[in-house]
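Every value quoted in this text rests on a predicted model; they were computed, and no experiment measured them.
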Number of protein chains: 2
Amino acid sequence: MQQSFAEIIVFHRKRSGLSQQALAELAGVGKNLVYELEGGKQTVRLENLLKVLRVLNIELDFKSPLREAYMRERADAQG
Amino acid sequence: MQQSFAEIIVFHRKRSGLSQQALAELAGVGKNLVYELEGGKQTVRLENLLKVLRVLNIELDFKSPLREAYMRERADAQG
DNA sequence: CAACTTTCCCCGGCATACAGGGAAAAGCGC
DNA sequence: GCGCTTTTCCCTGTATGCCGGGGAAAGTTG
């Protein structure tokens, strides 16, 4: 894929002029979690990653070869 | 924007002809985790979500308004 | 250099995600 | 109806993610 979420988080945080502590508070997580997230730790809870991404206005997207077929089926089912 | 990872996982798993148990084994996680993942549980470890997505050939992508600026900066720094 | 902010990295303790077993219910073909 | 497979949902022990505090190191500003 692209860069790790770690890099992206650091970049967005700094662009927002936030310290790790400030980001943590806005996201409602502990300061250590932000630190670990930025270190690329993968054993974090999805919930907490999402909280941080939300504050930084970053969205998560899924990609797969079957994705288009999925969209077609849904559109089909719903009209 | 898109569907939850839960829906996507179910869809891809069924398309692969796998049972929850089989997917769990391929991903190296417990069967209950697959069950919870498909139920949309957000308190799972990112690591485990990624393991399952990998088996199903689903990639994660990040999107943000600042993303382009990020890419430019990187390209700039590297070449 | 001094003063201040931020980041790094440790710890102690609590909360909870996880694996795996089991059993009832649901689905599916015959 | 009867089998067989799969899914749903419970339980329990263990592992570990998380928080808050703190202090050293690194960075920033003057």
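OP1 or OP2 of C/dC18 has at least one side-chain nitrogen or oxygen of B/N48 nearer than 4.0 Å. For D/dT6, neither phosphate oxygen OP1 nor OP2 lies less than 4.0 angstrom from any side-chain nitrogen or oxygen of B/R13.
Look at A/E36 and A/K41 and you find a salt bridge, because one of the NZ, NE, NH1 or NH2 atoms lies within 4.0 Å of a carboxylate O, short of that distance.
Closest approach to the B/T43 side chain among D/dC9, D/dC18, C/dA17 is made by C/dA17 (side chain taken as heavy atoms from C-beta onward). Of the listed nucleotides (D/dT6, C/dT7, D/dC18), D/dT6 has the atom at the smallest distance from the side chain of B/S19.
The NZ-C1' distance, from B/K51 to C/dA17, rounds to 12 Å in whole Å. What separates CG of A/L23 from P of D/dC19 is a distance of 12 Å, to the nearest Å. As rounded to whole Å, 7 Å separates atom C1' of D/dA15 from atom CZ of B/R45. The interatomic distance linking A/E38 (CD) with C/dC9 (C1') rounds to 15 Å, in whole Å. When rounded to the nearest whole Å, the span between OH of A/Y35 and C1' of D/dG22 equals 15 Å. What separates CD of A/E36 from P of D/dT16 is a distance of 14 Å, to the nearest Å. Taking atom CD of A/Q21 as the reference point, atom C1' of D/dG27 lies 17 Å away to the nearest angstrom. C/dA17 atom P lies 15 Å from atom NZ of A/K41, rounded to whole Å.
Near DNA chain C, meaning a heavy atom under 4.0 Å away, the residues from residues 25-34 of chain A are A/K31, A/N32.
Side-chain heavy atoms closer than 4.5 Å link hydrophobic residues (I, L, V, M, F, W, Y) into clusters, and following such links, possibly through other members, connects A/L56 to A/L50.
Side-chain atoms of B/S16 never come within 3.5 Å of backbone atoms of B/L18 as a donor-acceptor pair (strictly under, hydrogens ignored).
When every heavy atom of B/K51 is checked against every heavy atom of B/G28, the shortest pair comes out as NZ-O, 3.9 Å. Taking both residues in full, the closest heavy atoms of A/I8 and B/F62 are given as CD1-CD1, 3.6 Å, listed atom of the first, atom of the second, then distance. Minimum heavy-atom separation, B/F5 to B/L37: CE1-O, 3.6 Å.
B/Q20 comes within 4.0 angstrom of a base, heavy atoms only.
Of the two residues contacting DNA chain D, namely B/L18 and B/E47, the nearest-nucleotide position lying further toward the 5' end is that of B/L18.
For the atom pair B/I9 CD1 and B/E38 CD, the distance stands at 6.5 Å (nearest 0.5 Å).
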